[in-house]
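Written out below as structure tokens is the structure these notes cover.
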Amino acid sequence: MLLIPSSARHLLPCAAALLFAALSASAQGAPQPKPDNRPWFDRSLSPDERADLVIKEMTLDEKMNFVHGTGWNGLRADAVIPPGSLGGAGYVQGVPRLGIPGINQADSAVGVRLAAAGSHYATLLPSVLGAACSWDKDALLLYGSVIGRELRETGYNMSIGGGVDLARDPRNGRNFEYAGEDPVLAGTMVGELATGVQANKVMGDIKHYAFNDQETGRNIVNVIIDKRAARESDLLAFQIAIGLAHPAGVMCSYNKVTVKGAPNANDDWSCENDYLLNDVLKKDFDFKGFVLSDWGGTHSTAKAALAGLDQEQPGSQYFGDPLKAAVQNNQVPMSRLDDAVHRVLRSMFANGVIDSPPVTQVVDPFRGRDDAEHIADESIVLLKNADSALPLNAASLQSIAIIGSHADVGVLSGGGSAQVDSPGGNAVHPHPGGTHWGEVVYFPASPLKEIRAHAPNAKIEFDPGSDPASTAKLAAASQLAIVFVNQPLREGMDAKTIALPDNQDALVDAVAAANPRTIVVLETGGPVAMPWANKVQGIVEAWYPGIGGARSLADILFGDVNPSARLAISFAKSDDQLPHPEIPGMNLISAPGGMPEGRRHRPDELPPFDYDATEGLRVGYKWFESEHKDPLFPFGFGLSYTTWAYSGLKASQHEVSFTVQNTGRRAGTEVAQVYAVLPAATGESTFKRLVAWDRVTLAPGESKTVTLQLDPLYLSIFDTDKNAFTLAPGDYTILAGSSSADTPLTATVHVVQ
Ligand code: BGC
């Protein structure tokens, strides 16, 4: 085979793919059917029929191509990039003699990764967690569309983004890639995202299946969870997302999972977990696509294949020659191999990647930036606004101090496989080439510049915040201080604590002491503690706001945009309030120089994470509520520059309606939320669960009656005897309001069986 080192991947034009097509057609020796003898190109047939027609023609070796990747590709400098690969995270060879293209898979959680290597531009979107705070299905559909569009324009036909692991721990290094702590909200948001990707004729993916809810020890840990808790928490998020998007792929995770009460699910790696893959994903969720392993997450051949893994990534250690041999000696039936190949091919047909392969073109950075800004407008959460300090009135401001977090040059982004390359290089320490693993990357969207544009007559100065004494001097001399704080997160390691790193609490204290008119802007991957919350006037959570985020933030600070985002994750006051005051396993495996994700450790070095011993299904706000702990900011919370009143709740088992009124002086959008408390007999009556919501946009004084359908699934519990969700009989309390902790309307609904 023609091998091209990754350092020369920029020399890989389509011509190489064509050469490869010609070479492999002749090398494989099988006859090339004439185009009119290729009935699988008949678009009137179903994707399943078309896949079966191709499989009938395939040799064993051709089938094998589809069940594994070709190596580390663009991810490792010493890896070989095969012809046809674009150098993304993964590549699967096609069958040119049958007209079936290869699969180019790109990491694309918050935008397309590794774009710089192909001399492409890629839009950095706000973090998924931020976008989930919009509670806006259209915003997430747009989010996925930007990713799908840019993948297509750069030649990729599959996204491997789509993270929907629940935020069980606010310190998880990948929370910024996920959609928060509630299974219904997260599942819906990520389902819309993956739908947007696939609407662009690019295959989508949902990951990491399942319970990869912290990075510490992710490669060795065994997560233990009771079956009912599993189905009503993380697995429900996957069920909803998969049901909405019908993604081509589901990526199984690195960790082991033991589902108590489930057959065949003891101490098994996720990628060879019969219960998770065969029973739940393929049978109960009716998932028709293919299961691909996380990169290096395959651990066996026959066991994994029989448990439901369809594609090993990134290489072929288990699903290359060993699987071929297992099929030849009947350890794995040919029907299982055919099923795996069928799943890949039917997904390719269903998503149009065979009928309408990607056509490369220049990515439109302006369109991407506008889309990112629109999503950021709905992602940035106003958490505190004492004395209506915000929005700012430019005409009355003579001087503003902008402090910290490189707010003069850029906005922070998240790291790891979700890292997007910053245009022009890292805005903070530019260097040639793309970004490096572990680098803290700022994108060139300057909050300082945008704030200056909003207040052209004010004297606006920047201070890096590195010397508290001089920072305090500038803050004291200014009419207003806006201090930016940050929390960089990345894949492969968790934050040790929810406290801000690098002494930034002291920075806020110093600024607030120097100037009572202090606004804090947070650029964090997840929730952080704010011991200074009572000392500042305003708090704005901007998350990692994306390439449009600086303008969006300035628009919110100055009132051009009325904030409408609501927290998709609870903010604890301190680590002590969490189910685990310290991240499990961190003390054991995160020694300096070690690998916190556990790659170099043995599984027996880390005790299992027993979720049942702590929160179980009570993830996030359900934990706080049932444990009578008051968070700093609750799930669903977020302020607006106007005020809202709720009245007139009517509820049945199927529908709720109530009236929302804008009682303030500005137009705005409220996220009206409906929760339910289940009957006591369910054992789930000590906390609410989210069951419905709507974004309601109203002019000042206007009111609207909101009518929402209640999905029976969201009111149900998982009955382990019946292996199904069921509605328990009894009295349900239905609550409506503007956050999980502010539900002024209640009604009782009696459900009979
Ligand atoms: C991550 C996946 C990612 C893959 C390929 C893994 O380390 O967990 O989310 O898609 O690498 O980059």
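Each ligand, and each atom within it, is numbered from 1 in the order the structure gives. Owing to the predicted nature of the structure, the values given are computational and were not obtained by experimental measurement. Below, each value reflects all heavy atoms present in this structure, side chains not excepted, and no hydrogens, waters or symmetry copies.
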| Using a distance-only test with no angle check, is there a side-chain donor-acceptor pair under 3.5 angstrom linking Ser233 and Arg168? |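 There is such a pair (donor and acceptor under 3.5 Å, judged by atom type) between the side chains of Ser233 and Arg168.
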List below, pair by pair, the N or O atoms of ligand 1 and of the protein that are less than 3.5 Å apart, including the distance to 0.1 Å; reply 'none' if no pair qualifies.
residue	atom	partner	partner atom	Å
ligand 1	7 (O)	Tyr254	OH	3.0
ligand 1	7 (O)	Glu491	OE2	2.6
ligand 1	8 (O)	Arg174	NH1	2.8
ligand 1	8 (O)	Arg218	NH1	3.3
ligand 1	8 (O)	Asp294	OD1	3.3
ligand 1	8 (O)	Asp294	OD2	2.7
ligand 1	8 (O)	Glu491	OE2	3.4
ligand 1	9 (O)	Arg174	NH1	3.4
ligand 1	9 (O)	Arg174	NH2	2.8
ligand 1	9 (O)	Lys207	NZ	2.8
ligand 1	9 (O)	His208	NE2	2.7
ligand 1	10 (O)	Asp107	OD1	2.6
ligand 1	10 (O)	Lys207	NZ	3.2
ligand 1	12 (O)	Asp107	OD2	2.4
ligand 1	12 (O)	Arg113	NH1	3.3

| field | Partners passing side chain to side chain contact (heavy atoms under 4.5 Å, CB included) against Met493 (at least two apart in sequence or in another chain) | value |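 Listed in chain order: Arg490, Pro596.
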| task | With sequence neighbours excluded, tell me which residues meet side chain to side chain contact (heavy atoms under 4.5 Å, CB included) with Asn219. | result |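 Expected list: Tyr254, Glu597, Arg599.
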| request: List the steps, then state whether side chain to side chain contact (heavy atoms under 4.5 Å, CB included) holds for Asp165 with Arg174. | output: CA-CA 9 Å; Asp165 297 86; Arg174 299 187 85 170; over 6 Å; no
Contacts under 3.5 angstrom, residues 419-426 side chains, donor-acceptor by atom type, not counting sequence neighbours:
residue	atom	partner	partner atom	Å
Gln419	NE2	Ser413	OG	3.0
Asp421	OD1	Thr435	N	3.2
Asp421	OD1	Thr435	OG1	3.0
Asp421	OD2	Ala115	N	3.3
Asp421	OD2	Ala116	N	2.9
Ser422	OG	Gly425	O	3.0
Ser422	OG	Tyr442	O	3.4
Asn426	OD1	Val428	N	3.1
Asn426	OD1	Tyr442	N	3.0
Asn426	ND2	Glu439	OE2	3.0
Asn426	ND2	Val440	O	3.0

| task | Tell me whether the centres of the aromatic rings in Phe285 and Phe238 are closer together than 6.0 Å. | result |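 Not close enough - the centres of the two rings lie 6.0 Å or further apart.
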